[in-house]
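Any value given below was found using the heavy atoms of this structure, including those in side chains, with hydrogens, waters and symmetry copies removed. For this chain, numbers begin at 1 and follow the sequence in order.
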Amino acid sequence: MSLLSPYALFSNWLLKWGQVLGALGSLILSGLLVWLYYQQYELLKIEQTPSLEVSDWEMNGDKITLYLSNFGEGLAKNLRLRTTAEYPTEDDVNMVSDSRNRDNVEVFTVEHNIHRYEEGEQLRERDIMGTERKVEFRGEPPFPDPSGQGYGNFQSGVGESLREEAYEFYFWIDVVYETEFGEEKAEPVTVPGRWFEIEPEEGKKLFQTQPNEITYEYIFNKSAFASSRPDG
């Protein structure tokens with residue numbers, strides 16, 4: 001029986017295990033590249049994430065004007081207004097209580113576009129670049145009725161709510177936007193929110209005789225300041 005030399009043994013070992021080691025090395029290298037790509041992606045997200053702030057805002061009837069600042073580096077796009085409204089399902093629900101039973105309220109949200117303005121002219125863009133300050137946006141806050149049907153402004157939405165004899169609700173408004181990475185973010189306009197209640201007879205009279213006065217400005221000014229937003 002012949003004995004193989006150490007060189008031959010090593011060559012046989014390489015032939016047997018070389019492909020396995022090569023595949024294992026490729027797998028490790030691929031994993032390392034994926035990890036590095038993920039780290040770079042997360043770093044880029046941090047560097048390019050927008051951060052909006054409502055620097056100021058004003059209202060006129062059903063229209064609202066926002067002055068938005070982007071303190072991040074990334075683009076905030078597809079800006080819109082989101083109204084969330086809560087309606088009590090029981091007569092004894094305290095709508096301004098932080099500890100109210102969430103099973104006794106119905107929550108609806110609706111969104112509506114806002115547009116950028118420059119020198120009084122409406123632009124097609126609904127974006128704000130990183131580091132831009134106090135950019136003017138205008139729009140009409142939408143409003144959902146007690147059945148969840150969305151309306152393009154408060155006059156229509158709240159008017160329908162009063163027609164359906166819903167005389168109490170809690171509401172708040174956010175500016176909603178998207179990042180370049182497809183993430184949705186929101187910045188509150190009404191902090192934390194407002195609580196509206198009107199006597200049934202007064203609500204019926206308002207809807208029947210003065211429907212044009214049921215605007216965002218009217219509802220906001222007739223609403224009480226709520227202590228905090230409810231947990232989601």
Rounded distance (nearest 0.5 Å) linking atom [atom1] of [X] with atom [atom2] of [Y]:
X: Gln208; Y: Arg163; atom1: CD; atom2: CZ; result: 11.5 Å
X: Glu164; Y: Asp145; atom1: CD; atom2: CG; result: 4.5 Å
X: Thr89; Y: Glu106; atom1: OG1; atom2: CD; result: 6.5 Å

[X], [Y]: one ILVMFWY side-chain cluster at the under-4.5 Å cut-off?
X: Val110; Y: Leu79; answer: no
X: Tyr87; Y: Ile219; answer: yes
X: Leu66; Y: Val176; answer: no
X: Leu206; Y: Phe220; answer: yes
X: Leu162; Y: Phe171; answer: yes

Do the side chains of [X] and [Y] get close enough for a salt bridge, i.e. N-O under 4.0 angstrom?
X: Arg82; Y: Glu184; answer: yes
X: Glu132; Y: Arg116; answer: yes
X: Lys205; Y: Glu202; answer: no

Both conditions, 6.0 Å and 45 degrees, for the charged tip of Arg80 above the ring of Phe137: are they met here? no
Is the shortest side-chain heavy-atom distance between [X] and [Y] below 4.5 Å?
X: Thr49; Y: Lys185; value: yes
X: Thr131; Y: Asn70; value: no
X: Glu160; Y: Phe207; value: no
X: Arg126; Y: His115; value: yes
X: Glu125; Y: Lys77; value: no

Show me the donor-acceptor pairs, under 3.5 Å and distance only, between side chains in residues 50-65 and residues at least two apart or in other chains.
unit_1: Ser55; atom_1: OG; unit_2: Ser69; atom_2: OG; d: 2.6
unit_1: Asp62; atom_1: OD1; unit_2: Tyr216; atom_2: N; d: 2.7
unit_1: Asp62; atom_1: OD2; unit_2: Gln155; atom_2: N; d: 3.0

Check step by step if ring pair (Phe, Tyr, Trp, His ring centres under 6.0 Å) holds for Phe196 and Phe154. CA-CA 13 Å; Phe196 176 82; Phe154 267 56; 9.5 Å; no
Residues passing the side chain to side chain donor-acceptor pair (under 3.5 Å) test with Glu136, sequence neighbours excluded, are Arg138
